[in-house]
> 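For reference, the structure I am asking about is given below.
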Amino acid sequence: MSEPQEKERSLNFLEQIVEDDLKSGKHGGRVATRFPPEPNGYLHIGHAKSICLNFGLAQKYDGTFYLRFDDTNPSKEETEYVESIIDDVRWITGDTLHNRIFFASDYFKQMYDWAVELIQKGKAYVCDLSGEEVRATRGTPTEPGKPSPFRERSVEENLDLFERMRKGDFQDGTRTLRAKIDMASPNFNLRDPVMYRIVHAEHHRTGYTWCIYPMYDWAHGLEDSIEKITHSICTLEFEHHRPLYDWFLDQLDGIFRPRQYEFARLGLNYTVMSKRKLLELVRGKHVHGWDDPRMPTIAGLRRRGYTPESIRNFCKTIGVAKFNSTIDVVMLENAIRDDLNKRALRRMGVLHPLKVVIDNYPEGQSEELDAINNPENEADGTRKVPFSKTLYIEQDDFREDAPKKYFRLAPGKEVRLRYAYYITCTDFKKDADGNVIEVHCTYDPQTRGGSSPDGRKVQGTIHWVSADHALDAEVREYDRLFTQPNPDDPSDLNDYKTYLNPDSLRILKGCKLEPSLRDVNPEDRFQFERLGYFCLDKDSTPEKPVFNRTASLRDSWAKVEKKG
RNA sequence: UACCUGGUGGUGUAAUUGGCAACACAAGGGAUUUUGGUUCCCUCGUUCAAGGUUCGAGUCCUUGCCGGGUAGCCA
């Protein structure tokens with residue numbers, strides 16, 4: 001932990017609030033936050049912002065952080081999602097969350113009892129209006145709503161009806177429990193909001209023990225109160241819900257009083273971040289699953305080779321505010337490059353192989369050369385790479401007609417094979433279609449290791465793999481899934497699919513990798529020189545190794561070429 | 001149209017709470033380099049507008065303009 005740097009950073013507005021509360025002695029100096037997802041989908045990078053915020057706050061102020069499932073709507077929720085969310089939150093925070101995972105469904109009985117208390121206080125009533133009728137009587141921004149004809153039912157009748165709702169005497173949609181607040185409020189949330197609805201469906205945890213389920217507004221503050229959350233942080237669209245959040249808490253005596261704060265959710269260009277749309281992508285088979293490396297899900301980013309550190313760092317640099325902003329995805333891409341540059345092991349890999357024969361190198365001979373594992377970190381040491389007469393280089397690294405500033409291999413030109421020898425191109429062969437299929441070179445035995453005794457310079461250095469020793473692998477390259485700057489913004493479900501990038505996945509077969517890549521750890525990350533960062537895919541087998549491209553390297557060759 | 005909420009470089013986030021507008025990313029330029037990567041240096045904004053208070057305003061007040069949110073028995 002880089003403690004001194006941490007203290008230099010200025011506070012974001014939430015840290016400011018927490019510090020003020022700490023100073024004033026609120027909650028006895030205690031800080032408790034939570035991340036409260038509904039288990040109705042996989043987590044995505046937007047959730048990461050919330051997780052980092054809540055976890056970071058608890059960590060910074062020596063508080064507690066809970067993962068709480070807001071599982072109050074059985075029709076949308078599944079155990080698969082619960083498991084993936086636990087996994088993802090653990091991964092991002094690096095915390096086991098031992099004894100700190102809770103479920104709203106565990107509080108159903110307590111919430112029910114509190115609802116009864118509200119009825120007894122004359123603050124809630126059972127309403128027989130249909131959904132249609134409720135909508136029709138809610139009013140408009142300019143006109144107040146009309147009171148429900150059932151608004152003045154007696155406490156006894158409400159108690160009886162609510163009890164029968166719970167026992168399953170009524171069909172879905174026939175009755176609700178509503179809070180008696182103010183049908184004329186300019187805030188729609190206070191126009192007698194529904195607290196409970198009837199849903200005869202199997203809940204992934206409580207089964208059929210309940211057939212009435214609390215609405216978000218009724219449930220959320222209670223959950224926070226039960227868990228003694230001091231700072232309940234949610235996104236901006238819940239701002240209008242805060243008066244209701246407070247109203248519900250006000251009605252109950254002697255309970256812990258949390259407070260809600262709002263921040264702007266993450267907006268990333270080129271990225272769809274709605275669970276509904278991501279679910280559509282999965283169901284419609286536009287991607288291979290929730291953990292498809294092109295998905296903005298935590299599972300997808302993780303499979304692609306993103307590290308939790310890079311995501312935490314990303315969240316730190318984008319900051320928190322109440323302004324709805326759109327962050328450029330290059331920020332995220334930069335975060336992973338930045339992290340991987342420091343830690344990824346350097347390896348040589350050739351994605352588009354071109355055969356090179358060293359004519360003056362003895363047939364059947366081979367030797368081992370020393371290569372540095374990571375110039376950014378000397379502790380990573382060195383390794384041996386085999387060299388022989390026949391090699392593979394990247395197709396891009398040879399040009400028949402080299403442009404002016406092209407530093408790589410071309411007829412008559414000399415380049416350095418990294419960690420090996422200087423070679424000079426003497427000849428090349430083409431196939432019937434005019435594609436270069438083989439390049440012939442001579443090497444200078446004096447330049448072993450990559451430097452010459454006469455001190456002559458070569459402009460270019462290229463990577464290579466010995467043909468006889470190479471590992472054959474499949475490499476998957478990923479591009480952005482969407483081509484439009486902000487498809488998630490105004491467009492609807494139909495529109496955003498037109499922005500799907502058909503070239504977002506490229507599978508490269510017959511890639512040649514240096515033999516040390518034969519036995520790698522799934523957690524290892526590699527930089528293939530000039531190509532980018534890679535990691536092993538979960539589909540990989542020893543017979544058929546598969547690597548994912550995590551991120552590309554910044555490549556300014558295009559700029560050089562443009563300038564001529 | 002009613003209510004809520006926000007507006008600081010190309011993009012985001014800061015500004016000791018009224019005291020010389022800073023940091024990151026992007027872009028452009030340069031240096032170093034056994035890959036054109038990495039690293040390092042330089043350049044790029046008078047804070048939505050107008051008015052007011054003040055010695056002094058990004059910060060406080062007024063008005064206007066623009067953006068986002070809200071009328072589920074979703075969360």
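Sequence lines set the chain letters: A, B, ... in the order given, protein chains first and strands last, and positions in each chain run from 1.
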> Determine, for A/W557 and A/R408, whether the Lys NZ or Arg CZ falls below 6.0 Å from the six-membered ring centre while staying within 45 degrees of the axis.
yes
> Nearest to the side chain of A/T142, heavy atoms from C-beta on, is which of B/U38, B/A71, B/A2?
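The nucleotide sitting nearest to the side chain is B/A2.
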> If the C1' atom of B/C44 is compared with that of B/C4, how far apart are they to the nearest Å?
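After rounding to an integer number of Å, I get 37 Å for this pair.
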> Rounded to the nearest angstrom, tell me the gap between atom CD in A/Q446 and atom P in B/U34.
20 Å
> OP1 or OP2 of B/U70 versus the side-chain N and O atoms of A/R242: is any pair under 4.0 Å?
no
> Which of the following nucleotides, B/C25, B/C73, B/A75, is nearest to the side chain of A/H241?
B/A75
> A/N324 side chain: which of B/A26, B/G68, B/C73 is closest?
B/G68
> Taking atom P in both B/C23 and B/C40, compute the distance separating them and give it to the nearest angstrom.
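14 Å, rounded to whole Å.
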> Taking only side-chain nitrogens and oxygens of A/R138, does any of them come within less than 4.0 Å of OP1 or OP2 of B/G72?
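For A/R138, the contact criterion (side-chain N or O under 4.0 Å from OP1 or OP2 of B/G72) is met.
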> Could you check whether A/R175 makes a cation-pi contact with A/F170, meaning its NZ or CZ is under 6.0 Å from the centre of the six-membered ring and within 45° of the ring axis?
yes
> Send over the distance from A/E38 CD to B/C74 P, rounded to a whole Å.
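In whole Å, B/C74 P and A/E38 CD are 10 Å from each other.
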> So if I take every side-chain heavy atom of A/E376 and compare against B/U1, B/U38, B/G6, which nucleotide ends up nearest?
B/U38
> State whether A/K316 places a side-chain N or O below 4.0 Å from either non-bridging phosphate oxygen (OP1 or OP2) of B/A24.
no
> Taking the P atom in each of B/U33 and B/U43, what is the distance between them to the nearest angstrom?
24 Å
> Select one nucleotide: of B/U38, B/G69, B/U34, the one nearest the side-chain heavy atoms of A/S451.
B/U34
> Expressed as a whole number of Å, how far does the P atom of B/U16 sit from that of B/C60?
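Pairwise P distance, B/U16 against B/C60, rounds to 12 Å.
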> Taking A/N373 for the side chain and A/D380 for the main chain, is one N or O donor matched with an acceptor at less than 3.5 Å?
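It does hold such a pair.
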> Out of B/C25, B/G37, B/C73, which nucleotide sits closest to the side chain of A/L553?
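That would be B/G37.
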> Please name all residues satisfying side chain to side chain donor-acceptor pair (under 3.5 Å) with A/E477, sequence neighbours left out, ordered by chain then number.
A/R506, A/R549
> From B/U5, B/U34, B/A75, pick the nucleotide closest to the side chain of A/R418?
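Minimum distance to the A/R418 side chain belongs to B/U34.
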> Please state the C1' separation for the pair B/U63 and B/U53 - nearest whole angstrom.
15 Å
> Under a 3.5 Å cut-off for both distances, is B/U11 Watson-Crick or wobble paired, and to whom?
B/A24
> A/F323 has an atom CZ; how far is it from atom C1' of B/G68, in whole Å?
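Spelled out: CZ on A/F323 to C1' on B/G68 is 9 Å.
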> Nearest-Å distance, CZ (A/F188) to C1' (B/A71)?
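Rounded to whole Å, this separation is 4 Å.
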> Does a side-chain N or O from A/S325 land closer than 4.0 Å to OP1 or OP2 of B/U13, or not?
yes
> Tell me: CG of A/N377 to P of B/U39, nearest whole Å?
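A/N377 atom CG is separated from B/U39 atom P by 15 Å.
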> Taking atom P in both B/U11 and B/A27, compute the distance separating them and give it to the nearest angstrom.
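My reading of the P atoms in B/U11 and B/A27 gives 15 Å.
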> Would you indicate which nucleotide in B/G36, B/G37, B/U34 comes nearest to any side-chain atom of A/R554?
B/G37
> Sequence neighbours left out, what passes side chain to side chain contact (heavy atoms under 4.5 Å, CB included) with A/K167? Give chain and number order.
A/E163, A/D169
> Write down the distance separating the C1' atoms in B/C25 and B/U1, rounded off to the nearest Å.
41 Å
> Take atom CZ of A/F398 and atom C1' of B/G36, then tell me their distance rounded to the nearest Å.
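Value for this atom pair: 19 Å.
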> Kindly point out which of B/A24, B/C3, B/G36 is positioned nearest to the side chain of A/Y406?
B/G36
> Within 45 degrees of the ring normal and closer than 6.0 Å to the centroid, is that where the cationic atom of A/R166 sits relative to A/F162?
no
> Side chain of A/H240 only, please: which of B/G69, B/A71, B/G37 is the nearest?
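Given the options B/G69, B/A71, B/G37, the side chain of A/H240 is closest to B/G69.
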> Taking syn as within 90° of 0 and anti otherwise, name the glycosidic form of B/U46.
anti
> Which residue, A/I318 or A/P186, contacts RNA chain B at a nucleotide closer to its 5' end, judged by nearest heavy atom?
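The answer here is A/P186.
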> Assess A/R525 against A/F534: is NZ or CZ under 6.0 Å from the centre of the six-membered ring, and within 45 degrees of the ring's axis?
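Ring-cation test returns no.
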> Mind checking if A/S75 touches a base, just sugar-phosphate, or nothing, with heavy atoms under 4.0 Å?
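Nothing, no heavy atom under 4.0 Å.
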> What is the base-pairing partner of B/U70, counting Watson-Crick and G-U wobble geometry with both distances under 3.5 Å?
B/A2
> Return the value, rounded to whole Å, for the distance between atom NZ of A/K559 and atom P of B/G36.
13 Å
> So what does A/Y213 hit on the nucleic acid, given a heavy-atom distance under 4.0 Å: a base, only sugar-phosphate, or nothing?
nothing
> Distance check needed: B/C73 P versus A/L177 CG, whole Å only.
13 Å
> With a distance cut-off below 6.0 Å to the six-membered ring centre and an angular limit of 45° from the axis, does A/R197 pair with A/Y213 as a cation-pi contact?
no
> Taking syn as within 90° of 0 and anti otherwise, name the glycosidic form of B/G72.
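Chi for B/G72 falls in the syn range.
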> Using purine N1 to pyrimidine N3 plus N6-O4 or O6-N4 for Watson-Crick, or N1-O2 and O6-N3 for G-U wobble, both under 3.5 Å, which nucleotide pairs with B/G37?
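B/G37 is unpaired by these criteria.
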> Considering only the P atoms, how many Å lie between B/U38 and B/A26, rounded to the nearest integer?
9 Å
> Can the positive tip of A/R480 be found less than 6.0 Å from the middle of the six-membered ring of A/F482, inside 45° of the ring normal?
no
> Using only modelled atom types and a 3.5 angstrom limit, is any donor from either the side chain of A/E143 or the base of B/U1 paired with an acceptor on the other?
no
> Mind checking who B/U32 pairs with, Watson-Crick or G-U wobble, both distances under 3.5 Å?
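Across all strands, not a single nucleotide pairs with B/U32.
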> What about A/R408: does its side chain form a donor-acceptor pair under 3.5 Å with the base of B/G36?
yes
